[in-house]
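Note sheet for the following structure.
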There are 2 protein chains.
Amino acid sequence: MPPDISSLSGGSLIVAWQLKDKNVLIVGGGDVASGRIESILVADAHITLIAPRAGLHPLTKHFIDNSDRITYHDRVFAGPQDLADIDMVLTAIDDVEVSRQICALCRERKIPVNVADIPPSCDFYFGSQIRSGPLQIMISTNGRSPKLANIIRKRIETCIPDHAGEAIEKVGELREKLKERAPGVGGDLGKRRMRWMIDVCSSWSMEELALLDDKMIARLLDEGWEKNQVPRLEDVGGHTKKASANATSVRSPSLLLPTAVGFVAGVLCSAAFLLTRPR
Amino acid sequence: MPPDISSLSGGSLIVAWQLKDKNVLIVGGGDVASGRIESILVADAHITLIAPRAGLHPLTKHFIDNSDRITYHDRVFAGPQDLADIDMVLTAIDDVEVSRQICALCRERKIPVNVADIPPSCDFYFGSQIRSGPLQIMISTNGRSPKLANIIRKRIETCIPDHAGEAIEKVGELREKLKERAPGVGGDLGKRRMRWMIDVCSSWSMEELALLDDKMIARLLDEGWEKNQVPRLEDVGGHTKKASANATSVRSPSLLLPTAVGFVAGVLCSAAFLLTRPR
């Protein structure tokens, strides 16, 4: 059924912005700025940080001292020259007027900008995030309730499959190796590649995928891709760490206890009835 | 503990891009393009769609016919003039050469661009998404495995609290009304507002928050904000729909069945032993 057009409204376009080797200017060094720095480092960008040293958050100091991807200037924002060669700007300062000026300068230059706490001066918002290696999850309430976003984030954290991050990493490596073995963009080969990758990801558990190493990947391609089938983990030399035993031990207590309680109750009732009845 | 700098790498910057009343050009009308159209409509942008009618996906046709936010041109991309006043460009066509040309034109003009299936021509990627009203969740594997992103999305869908979308909507309304009653940006009042909103969201369940209506919101502000406390749902005139009874009925079967099985087994074993023993 096609979606109801009227329901398509009130959201944002959630995207994974690519910043590898780009230049991001962060103005401000406090609590909020330290979170921004972390997010930008994750995205492999170079950071120019402008903030008087007196107001630096300990975490900001930690980043300045330990990352070779931050160029730090101990001063306030000085004007348009600070925007030369900058691909994105994030500000997190208390001065609303300066924040708005920076935003205006960015808009003139078509530099994407986020001004903390001033939504109209933001081309994009941040949300509540989860990260595990290459897996990134973002929860946005579109500015309605940061607290509920956090509650939902915590709930989601508990239900992400174990080993998801490692599994994604290994599947990424498998896909790269497969592309080396069967190169080309699109076409029938591209479709067959995609189909086989989907089959592998659907047949293997996250835990199994996470166990893949170079040798197993090579065997998986030899035994699987070349023969157009999906071998099991054991077929390519892998062993789960008693996965089934673990699975059982997680499930058992909730079933074992009531069963045992029922059994004892049954024995007692039955015994009481049979032993006390008149003969 | 401060994060390990070396672990901060290999990701993207996941953001909620704001497109309300912006102009987005979509080149292509097939399967992928229809998904893009839906995402852009959700974000309240205006769409210019360029694609020969012959290749339109049924869903794309549905959007063209039913949305007043799409300007449709039955033709191929014609050159730089198609980029006038455009804030973002998404292409989803088979012609790799034209795709790359469009990307180059966008980069010259600093227009954010996504070219489907050609990562180096993308300023941003899309991910696997969940949406419920104002709640948007995005799962990105940073291009490693769309299939695993989908598997994780399905898992997450099952664990999002019921009524989360409505709860967020209502909390957004509550926050707006609170700001009208206690206006101003930042400062002590801003902190008190934030603290009280957090207390409400922490004390009430999603189901309770979702039940809020205008009258209850007014009473919540009178009885709660004004008196610096958090009333219960019942205190502001609300009633949950037998939430506790439902909760019980969901839990019971999993305990009832093994208990009953155990009981019967106990009765049978005990009876067999007692009735067959020599007297």
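Keep in mind that this is a model prediction, so the values were computed, not measured. Below, chain A is the first sequence line, B the second, and so on; all start at residue 1.
- The neighbour count for A:D4 CG, taken as heavy atoms of other residues, nucleotides or ligands under 6.0 Å away, is above 12.
- Looking at A:L19, the atoms closer than 4.5 Å to chain B (heavy atoms on both sides) all sit in the side chain, from C-beta outward.
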Could you go through B:I139 and A:M138, starting from their C-alpha distance and side-chain angles, then the distance that decides it, and tell me whether this counts as side-chain contact (heavy atoms from CB on, under 4.5 Å)?
CA-CA 7 Å; B:I139 298 106; A:M138 203 260 239; over 6 Å; no

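- Chain A forms the most heavy-atom pairs under 4.5 Å with one residue out of B:V264, B:I152, B:L135, B:T141, and that residue is B:T141.
- Comparing A:K20, A:M194, A:E173, A:Q136 by how many heavy-atom pairs each has under 4.5 Å with chain B, the most go to A:Q136.
- Looking at A:L59, only its side chain comes within 4.5 Å of chain B, counting heavy atoms on both sides.
- In this structure, the side chain of A:R175 engages the main chain of B:R144 through a donor-acceptor pair within 3.5 Å.
- Between the B:H62 side chain and the A:I5 main chain, no donor and acceptor come within less than 3.5 Å of each other.
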I would like to know whether A:K147 and B:S202 meet side-chain contact (heavy atoms from CB on, under 4.5 Å); could you show each step before the answer? CA-CA 8 Å; A:K147 179 63 189 172; B:S202 311; 3.2 Å; yes

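- Atoms CG and OG, from A:L41 and B:S6 in turn, are 11.5 Å apart once rounded to the nearest 0.5 Å.
- You'll find the side chain of A:P2 stays beyond 4.5 Å of the side chain of B:F63, heavy atoms only.
- Within 6.0 Å of atom CG in B:D117, 12 or fewer heavy atoms from other residues, nucleotides or ligands are found, so the atom counts as exposed in its surroundings.
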(message) Test side-chain contact (heavy atoms from CB on, under 4.5 Å) on B:V15 and A:Y125; report intermediate values, then the result.
(response) CA-CA 6 Å; B:V15 297; A:Y125 300 155; over 6 Å; no

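- When all heavy atoms of B:R131 and A:S9 are compared, the pair lying nearest together is NH2-O, 2.6 Å.
- Residue contact with chain B, scored on non-hydrogen atoms closer than 4.5 Å, involves the side chain of A:R69 exclusively.
- Summarising the geometry of B:S39 relative to A:L13, their closest heavy-atom pair is CB-CD1, 3.6 Å, with the distance given to 0.1 Å.
- For the pair A:F126/B:I14, no side-chain contact is recorded, criterion being any heavy-atom separation below 4.5 Å from C-beta on.
- Between A:Q18 and B:P120, the closest side-chain pair of non-hydrogen atoms is not below 4.5 Å.
- Counting only heavy atoms from C-beta outward, the side chains of B:E38 and A:P3 approach each other to under 4.5 Å.
- B:I151 and A:C201 get closest at one heavy-atom pair: CD1-O, 3.6 Å.
- The part of A:L209 that comes within reach of chain B is its side chain, from C-beta onward, which places non-hydrogen atoms under 4.5 angstrom from that chain.
- Among A:A16, A:C159, A:A43, the residue making the largest number of heavy-atom pairs under 4.5 Å with chain B is A:A16.
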Q.
Is there a side-chain contact (heavy atoms from CB on, under 4.5 Å) between A:I160 and B:R155? Walk through the geometry before answering.
A. CA-CA 7 Å; A:I160 295 173; B:R155 180 81 71 94; over 6 Å; no

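- Residue A:K110 comes nearest to B:I86 through the heavy atom pair NZ-O, 4.4 Å, listed as atom of the first residue, atom of the second, then distance.
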Taking only distance into account, with no hydrogens and no angle test, what donor-acceptor pairs under 3.5 Å do side-chain atoms of residues 165-172 of chain B form with protein atoms, sequence neighbours excluded?
unit_1	atom_1	unit_2	atom_2	d
B:K170	NZ	B:A210	O	3.1
B:K170	NZ	B:L212	O	3.0

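- The contact between B:M88 and chain A is made entirely by side chain atoms (from C-beta outward), counting heavy-atom distances below 4.5 Å.
- Only the side chain of A:M206 comes within less than 4.5 Å of a heavy atom in chain B; its backbone stays farther off.
- Residues B:W17 and A:S12 come closest through the heavy atom pair O-CB, 3.4 Å.
- Only the side chain of A:Q129 comes within less than 4.5 Å of a heavy atom of chain B; its backbone N, CA, C and O stay farther away.
- Other residues, nucleotides and ligands place no more than 12 heavy atoms under 6.0 Å from the CG atom of B:D94.
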